[in-house]
Amino acid sequence: MAEITLIEGVTQALAWEMRNDPSVVVLGEDVGVNGGVFRATVGLQEQFGPWRVIDTPLCETSIAGLTVGMACQGLKPVAEAQFEGFIYPMLEHLMCHAVRMRNRTRGRLTCPLVVRAPWGGGIRAPEHHSEANEALFANVPGLRIVIPSSPARAYGLLLAAIRDPDPVIFFEPKRIYRQYKEEVPDDGEALPLDVCFVLRDGRDVTLVSWGATIKETLEAADALEAEGISAEVIDVATIKPLDFDTIHESVAKTGRCVIVHEAPKNVGVGAEIAARLAEQAMYDLLAPVERVTGYDTHIPLFRLEMKYLPPVGRIVEAAKRTLAAS
Amino acid sequence: MTTAATFEIEYRQYLDPDGHPIGKQLPAIARDLDHLVELYQLMSFTRVFDTKSIALQRTGKLGTYASCLGHEAAHAAIGSAMRPEDVLAPAYREYAAQFYRGVKPRDVLMYWGGDERGNDFSGPRHDFAWSVPIATQCLHAAGSALAFRIRGEQRVAVSVCGDGGSSKADFYAALNCGGAFELPLVLVVVNNQWAISVPRSRQTGARTLAQKGIAGGLHCLQVDGNDLIACREAMDQALERARSGGGASVIEMVTYRLHDHTTADDARRYRDDAEVKAAWQREPIGRLRAYLTRLGAWSDAREEAWKAQCEERVNEEVDAYLSTRAQPVEAMFDHLYGDVPLEIAQQRALAVAREVKHG
Ligand SMILES: Cc1ncc(C[n+]2csc(CCOP(=O)(O)OP(=O)(O)O)c2C)c(N)n1
Ligand SMILES: [Mg+2]
């Protein structure tokens with residue numbers, strides 16, 4: 001069994017599902033001959049032909065609208081937005097139609113579609129290539145949002161997203177596309193779409209994150225351990241619906257919680273987690289919940305972007321503050 | 001049968017690939033040799049700049065960079081035909097147009113070097129910044145043109161997008177508004193045959209990109225985008241028409257992207273070397289040089305001297321770029337609002353304190 005990267009996990013899942021379900025169709029800009037600008041769809045057009053791996057005209061409105069139409073008529077389209085910053089023209093079709101179709105027609109028409117997009121900062125890219133905009137989608141009823149942070153989770157969660165009967169936004173943390181490899185059996189086994197992953201057990205503080213900042217969060221846990229502090233690390237992965245039970249269980253044990261995300265702080269997904277802790281775990285908490293996030297600014301162009309993204313040190317400091325508080 | 005409407009799209013070219021005039025009737029600009037030499041110099045300067053920028057990216061001194069190799073005639077025509085008070089809404093590779101309007105090479109380098117100050121450029125303060133979201137700038141140009149109409153100003157807005165961009169809803173919406181409001185607007189489509197890996201043939205079933213404007217009631221023209229004279233005449237006429245209340249135009253400039261899409265791309269994955277080689281035979285700079293040389297307006301000696309001057313000027317610009325220190329961390333907060341909200345001021349203070357502590 002070969003070891004693969006996160007992006008290869010995406011490719012492997014697409015190929016598996018296309019082989020096993022003829023209704024799965026991939027479409028987007030440069031996804032065919034070129035295999036995607038990040039190579040996520042490499043080799044697929046050769047295997048499945050130009051009507052199942054479709055290079056579209058350059059128009060996100062077209063891609064999203066076509067995707068809704070195809071999904072309503074029995075296909076399972078997996079569309080690619082070339083970057084998360086180019087997803088906005090898709091919003092009308094996603095928000096006004098894809099997420100409402102089932103409810104609007106009382107289940108007569110449905111939209112089993114996936115929109116994949118490379119997501120997040122830290123790769124020295126131009127403007128609009130570095131956003132973490134998951135919160136924008138988390139407020140939309142009827143949508144699922146997934147952000148994998150390992151090759152195995154990319155594979156298993158993308159399979160689940162394609163098989164899910166409703167629209168799923170699948171954000172791929174591009175900063176860790178090729179960070180490391182692991183063995184991922186190509187067995188078609190999907191992962192659940194509504195369960196957080198506990199990556200590391202700990203007693204003193206719960207660190208919650210998703211996407212590329214899982215890397216810094218795990219490093220922070222190492223740093224804390226070196227100082228005798230035991231941190232539990234949770235990868236949320238399925239942003240919506242949120243598996244709050246897993247987070248709650250952990251916080252009930254540790255009494256402390258630090259939420260880490262690279263998106264802006266204000267009304268970020270961290271705010272939802274903190275609110276639920278306040279509602280449901282108030283008496284388990286030994287210290288105020290901490291959030292380590294991007295600032296409420298645009299992510300700067302790349303000369304300053306690393307000053308925007310939360311570094312390990314800030315996570316460690318926040319964790320220590322929760323310990324100092326009690 | 002009753003015909004409801006018919007249309008024709010004119011194709012215009014004055015110089016063949018060897019720089020020989022086609023036909024006898026050349027426009028007046030073809031005889032303005034001083035100006036043509038100026039534009040030739042702009043084009044060849046831009047190419048020296050482009051080569052240098054790619055080299056900077058390859059050595060880690062610049063971020064992703066979008067080359068303009070092969071587009072120089074189209075871009076020089078756009079920039080030189082406009083008046084300073086007109087508004088340019090570029091995409092991201094129209095450097096020759098911007099240089100003519102006063103944007104400095106160091107501004108371009110700053111932008112691709114990951115520094116927002118590149119957008120605070122030295123060109124016309126009313127020009128738009130680079131627009132990465134494809135074709136969105138077409139509607140900003142239309143909105144600018146609407147502003148000019150409302151205020152009764154004799155100004156024209158010009159946007160530039162690519163063949164790929166002409167597929168986007170924004171482009172269609174812009175030309176529709178251009179016709180509906182009879183706007184002083186010129187929508188230029190620089191058709192370089194490729195939108196990253198997607199060929200022009202995959203973008204649309206239409207024979208020309210120019211004809212898309214017919215549906216909006218615009219004046220439409222296709223020109224040889226490697227022929228400076230044809231591009232410039234087309235721009236002059238469209239600008240004059242727009243300025244005098246004659247409405248909006250679409251100009252398709254047919255050229256070829258001789259480089260990879262950007263430095264992050266590898267075009268060998270999706271296009272034939274033979275196609276690129278053939279396109280080099282039609283490139284715009286050699287063509288104009290041959291024309292000017294034949295008329296005695298340019299020479300090998302001048303070429304050599306000019307190239308040396310270009311190198312020197314580009315090196316100065318590169319030095320200026322490389323010696324510009326990064327902005328302080330507070331820069332990301334300082335231009336977010338006109339009236340800075342308290343919570344942003346608080347985050348700014350926090351970021352500065354962290355910087356002092358950790359660097
Ligand atoms: C809305 C949007 N979608 C996708 C992209 C990614 N992208 C950048 S350039 C490009 C191709 C543009 O092709 P074209 O319009 O022909 O212009 P060219 O680059 O050839 O000058 C794409 C797809 C983008 N910048 N914006
Ligand atoms: Mg193009």
Side-chain angles (χ1 to χ4, degrees), chain A residues 28-39 42 45 50 54-65 82-83 85-90 92-93 123-130 264-266 293-308 310-314 317, chain B residues 63-66 92 110-116 118-119 129-136 162-172 195-199 202-204 261-262 264-267 269-271 326-329 331-333 335-336 341 343-344 347-348 350-351 354-355 357-358:
Chain A
E29 294 154 11
D30 305 286
V31 299
V33 177
N34 196 33
V37 294
F38 282 102
R39 328 291 297 133
V42 75
Q45 195 181 63
I54 305 169
D55 275 326
T56 64
L58 203 177
C59 181
E60 284 74 13
T61 306
S62 304
I63 297 170
Q82 201 161 84
F83 284 86
F86 306 134
I87 207 169
Y88 305 119
M90 297 181 160
E92 183 170 34
H93 290 282
I123 64 156
R124 290 172 57 84
E127 196 180 2
H128 312 292
H129 293 68
S130 305
K265 187 174 205 170
N266 192 48
T293 69
Y295 296 108
D296 290 324
T297 69
H298 306 294
I299 182 167
L301 294 187
F302 66 79
R303 249 181 132 174
L304 283 187
E305 76 176 329
M306 296 320 280
K307 307 243 182 231
Y308 173 95
V312 177
R314 274 176 60 196
E317 279 171 18
Chain B
T64 302
Y65 170 78
Y92 41 76
M110 287 265 263
Y111 177 70
W112 292 116
D115 190 321
E116 288 82 355
N119 277 321
W130 288 282
S131 177
V132 172
I134 298 295
T136 49
D163 41 307
S166 82
S167 294
K168 202 145 176 282
D170 306 67
F171 175 76
Y172 286 103
I196 310 187
S197 73
V198 181
R202 292 285 309 189
Q203 291 293 343
T204 175
H261 169 67
T262 65
D265 176 44
D266 179 0
R269 285 206 292 251
Y270 53 78
R271 72 178 182 187
Q327 302 171 99
V329 70
M332 72 174 103
F333 302 90
H335 307 277
L336 200 58
E343 60 183 29
I344 294 298
Q347 284 192 14
R348 181 187 189 276
L350 202 64
R354 281 182 185 137
E355 192 64 8
K357 199 159 148 215
H358 302 289

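Residue numbering restarts at 1 for every chain, and letters A, B, ... go by the order of the sequence lines.
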Practice task
Go through the atoms of A/Phe86 and report whether side chain, backbone, both or neither lie under 4.5 Å from a heavy atom of chain B.
Solution key: side chain

Practice task
Would you indicate whether the side-chain heavy atoms of A/Thr56 and A/Glu29 approach each other to under 4.5 Å?
Solution key: yes

Handout entry: Most chain A-contacting option - heavy-atom pairs closer than 4.5 Å, from B/Asp266, B/Leu350, B/Thr262, B/Ile134
Key = B/Ile134

Practice task
With a 4.5 angstrom heavy-atom cut-off, could you sort out which part of A/Pro300 is near chain B: side chain, backbone, both or neither?
Solution key: both

Exercise for the section: Would you please say whether a donor-acceptor pair under 3.5 Å links the side chains of B/Asp170 and B/Thr136? Expected result: no

Handout entry: Main-chain N/O of B/Ile196 paired to B/Tyr270 side chain as donor or acceptor, under 3.5 Å
Key = yes

Problem - Interface moiety of A/Tyr308 toward chain B, non-hydrogen atoms closer than 4.5 Å - result: both

Exercise for the section: Step through the shown structure and confirm whether more than 12 heavy atoms of other residues, nucleotides or ligands are within 6.0 Å of NE2 on A/His128. Expected result: yes

Practice task
With a 4.5 Å cut-off on heavy-atom pairs, point out which of B/Gln327, B/His261, B/Glu343 contacts chain A the most.
Solution key: B/Gln327

Handout entry: Side chain, backbone, both or neither of B/Tyr92 within contact of chain A (heavy atoms, under 4.5 Å)
Key = neither

Handout entry: Region of A/Pro311 that comes under 4.5 Å of a non-hydrogen atom in chain B
Key = neither

Problem - side-chain hydrogen bond (donor to acceptor under 3.5 Å, both in side chains) partner of B/Gln347, the single match among A/Asp296, A/Asn266, A/Thr297 - result: A/Asp296

Exercise for the section: For residues B/Lys168 and A/Pro89, determine if any side-chain heavy atom of one lies less than 4.5 Å from a side-chain heavy atom of the other. Expected result: yes

Fill in the blank from the handout: Between the OG1 atom in B/Thr64 and the CG atom in B/Asp265, the distance rounded to the nearest 0.5 Å is 10.5 Å

Problem - chain B contact via A/Glu305 - which portion, at a heavy-atom distance below 4.5 Å - result: neither

Handout entry: Which atoms of B/Ala331 approach chain A - backbone, side chain, both or neither, heavy atom under 4.5 Å
Key = side chain

